[in-house]
2 protein chains.
Amino acid sequence: MRVRLRDVAEHAGVSVKTVSNVVNGYVHVSPAMREKVQAALEELNYRANLSARSLRRGRSGLIALAVPALDMPYFAELTRFVVQEAELLGWTVLVDQTDGLREREQVVATGLRSHLIDGLILSPVAMDYAELSAVRDETPMVLLGEKIGGADIDHVAFDNVAAARVATEHLLSLGRTRVAAIGYQAGVVARSGVAEVRRTGYEQALAAAGLPVRASLTRTVAGFQRLEGARAMDSLLAERPDAVLCFNDQLALGALRALAVAGVPVPDEVAVIGIDDIEDGRFSSPTLSTIAPDKAAVAREAVRLLHHRLGGPAAPSREVSVGFELVARESTLGRRG
Amino acid sequence: MRVRLRDVAEHAGVSVKTVSNVVNGYVHVSPAMREKVQAALEELNYRANLSARSLRRGRSGLIALAVPALDMPYFAELTRFVVQEAELLGWTVLVDQTDGLREREQVVATGLRSHLIDGLILSPVAMDYAELSAVRDETPMVLLGEKIGGADIDHVAFDNVAAARVATEHLLSLGRTRVAAIGYQAGVVARSGVAEVRRTGYEQALAAAGLPVRASLTRTVAGFQRLEGARAMDSLLAERPDAVLCFNDQLALGALRALAVAGVPVPDEVAVIGIDDIEDGRFSSPTLSTIAPDKAAVAREAVRLLHHRLGGPAAPSREVSVGFELVARESTLGRRG
DNA sequence: CTGAAAGCGCTTACAG
DNA sequence: CTGAAAGCGCTTACAG
């Protein structure tokens with residue numbers, strides 16, 4: 001039942017080469033021949049065997065995208081963009097979930113499915129550039145990560161330190177002085193880990209304003225989910241913060257929930273800001289102020305870097321930066337916003 | 001630089017067959033030989049070429065999952081489960097976005113990447129079973145869809161009529177009589193389309209309660225996103241509904257937002273319920289009452305059906321049903337809940 | 001328990 | 001402009 005190129009050739013009474021030429025849109029085929037082949041192709045309902053083609057060409061048209069979790073809105077939205085961009089180049093995206101585990105990140109970078117995928121886009125959580133650079137196989141790889149400069153590995157950089165700093169400065173600009181932070185992470189984390197760099201931005205902003213970093217106003221979380229944000233906010237209430245920077249929007253939405261339950265008016269008593277600009281924050285009550293990274297640009301640049309390594313236009317620098325903007329909504333400005 | 005099985009064989013001084021045996025865990029290999037090969041494998045850092053293996057075996061270990069949109073929380077959560085389940089069988093998931101477009105659903109079902117993927121899980125929006133059954137190629141396909149009975153196509157069924165009916169009954173049980181609905185869809189939709197069947201459930205519940213379906217209390221949407229829910233709710237306010245069934249949680253979260261902006265107390269004046277039980281609804285203010293489908297079961301059963309077609313244990317019936325439960329939260333019960 | 005050889009279905013120099 | 005043939009890197013009957 002499986003229709004091969006050879007079957008089509010026999011059916012049309014031509015050579016396999018000619019059928020292949022037609023299938024691949026090779027121009028030097030006489031119109032009559034092309035028509036005959038086309039008819040046979042349709043009559044037999046031929047579908048190319050992509051494994052065979054890939055083996056022969058040395059290219060599969062598949063790229064992998066490895067993110068911590070598909071059900072974290074930020075990554076779900078990013079994945080959508082990556083799939084869209086890849087499609088423009090005729091590539092298909094294969095999705096991996098690393099759960100932010102070092103072991104899984106390593107497996108992915110070490111060449112899981114090598115020779116099957118043409119390239120890999122990885123959003124590392126546990127491993128840093130140096131480690132990844134050491135274990136990677138020869139498959140082109142693009143990292144989504146921190147601005148680092150001089151790294152010998154392709155990556156789309158987002159300045160998390162600046163993002164957290166700008167967010168914190170926004171809270172300070174409202175006259176808040178007891179600015180808490182939710183999202184510190186305990187134990188071993190990569191130097192370039194998101195929690196680490198956002199923490200740096202937070203602390204830089206406080207320092208610049210001449211404010212101390214109070215341990216009583218910072219909270220460590222086990223993960224960046226809503227529930228963790230709600231818990232952390234609960235435990236923060238006794239400290240009477242007048243503002244909170246959450247290291248992502250999910251934490252912030254959890255914090256908003258905890259404040260609502262406690263009956264604390266936002267932003268009157270406590271202003272809240274997150275980072276990521278996920279869809280939910282635009283429709284929560286109050287709506288969530290946040291730092292909006294240019295997700296479409298992240299996806300576009302990641303795919304573009306891969307394209308370069310796979311024979312596209314000349315390679316640009318290894319590091320491409322992507323910007324962000326402050327989006328102030330009700331959780332810091334109130335209803336007037 | 002590319003290491004082939006043959007290179008390993010030469011390096012170890014054995015035949016290609018032997019190396020293949022070791023790589024594939026074939027048992028009848030002497031310990032000494034195995035060890036020698038193992039060493040060569042590691043020394044050369046051999047990675048199997050999956051395209052070649054797939055061509056030879058006729059199996060790739062890849063399955064595709066086609067959903068309307070990755071950034072709709074319901075599908076993001078579902079995708080996570082599917083990836084997890086697939087992994088248990090050693091399968092990798094390739095993700096497609098159809099955007100709910102008939103054209104794209106058709107392309108996917110017609111054999112996009114046939115011979116590359118071993119199977120397909122499709123969540124159709126625009127096409128119904130009969131159409132899909134007619135255009136599909138021979139690749140095993142499992143649909144995520146409506147309970148239909150007697151269909152000649154594998155599918156995991158979720159009773160959307162019942163889900164919408166139970167949700168509506170919950171609103172009625174609170175003594176509400178002006179129960180609105182947001183999520184009707186205009187134009188051509190599949191008979192088994194989600195909007196269509198949820199609408200049926202809504203109307204059935206009203207009829208059973210002896211209430212009329214008022215056109216003034218139903219709203220058509222262009223899509224199932226929050227923004228559409230907010231807009232629909234805005235236009236519904238003048239009709240003074242005392243409850244609203246939204247055909248999914250995203251619409252409901254949008255509706256909650258519109259009610260908050262309008263200063264309408266929920267659930268005191270208007271009770272709101274959605275369907276899907278997405279994460280956001282557990283942390284919104286008020287928290288969102290909803291119908292919770294067993295997403296893990298949907299994923300598990302879909303993968304299991306595929307497994308049957310791909311040589312797993314004996315095939316079960318073509319239709320496997322998955323249940324749901326009513327989760328009543330603040331948007332219908334108020335804070336006491 | 002191990003080896004030599006065929007063949008999965010393509011694409012692509014190489015001839016003509 | 002078209003055809004015959006090699007070969008991509010595997011796995012698997014078939015011998016031994």
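Labels below follow one simple rule: chain letters A, B, ... track the order of the sequence lines, proteins then strands, and each chain is numbered from 1. Just so you know, these numbers use all the heavy atoms, side chains as well, and skip hydrogens, waters and symmetry mates. What you see is a predicted model; the values in this text were computed from it and never measured.
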Side chain to side chain donor-acceptor pair (under 3.5 Å) involving [X] - partner list, sequence neighbours excluded:
X        : answer
A/Thr110 : none
B/Arg47  : B/Asn45
A/Ser123 : none
A/Asn24  : A/Ser20, A/Arg57

Check your understanding: What residues form a side chain to side chain contact (heavy atoms under 4.5 Å, CB included) with A/Ser54, not counting sequence neighbours?
Key ->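 For A/Ser54, the residues satisfying side chain to side chain contact (heavy atoms under 4.5 Å, CB included) (neighbours in sequence not counted) are A/Ser60, B/Ser51.
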
Review point. Reading nucleotides 8-16 of chain C 5' to 3', which nucleotides get B (base under 4.0 Å from a protein heavy atom), which S (sugar-phosphate only), which -?
Key: BBBBBB---

**Study point:** Euclidean distance for P, D/dC8 against D/dA4 (whole angstrom)
**Key:**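 Their P atoms lie roughly 22 Å apart.
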
Check your understanding: C1' atom, D/dT12 versus D/dG16: distance in rounded Å?
Key ->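 Pairwise C1' distance, D/dT12 against D/dG16, rounds to 16 Å.
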
Point to revise | Any pair counted as ring-ring contact (aromatic ring centres under 6.0 Å, His included), so long as it reaches residues 35-65 of chain B, sequence neighbours left out | key: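 Every pair satisfying ring-ring contact (aromatic ring centres under 6.0 Å, His included) with a residue in residues 35-65 of chain B: there are none.
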
Review point. Hey, where does DNA chain D pair up into stems, meaning at least three consecutive Watson-Crick or G-U pairs with distances under 3.5 Å?
Key: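 Result, WC/G-U stems under 3.5 Å: C:1-3 with D:14-16, C:5-12 with D:5-12, C:14-16 with D:1-3.
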
Check: residues 79-86 of chain B side-chain donor-acceptor pairs under 3.5 Å, at least two apart:
| from | atom 1 | to | atom 2 | distance (Å) |
| --- | --- | --- | --- | --- |
| B/Thr79 | OG1 | B/Phe75 | O | 2.6 |
| B/Arg80 | NH1 | A/Gln97 | OE1 | 3.1 |
| B/Arg80 | NH2 | A/Asp99 | OD1 | 2.7 |

**Study point:** Salt bridge flag under 4.0 Å for residues A/Asp152 and A/Arg318
**Key:**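 No salt bridge links A/Asp152 with A/Arg318.
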
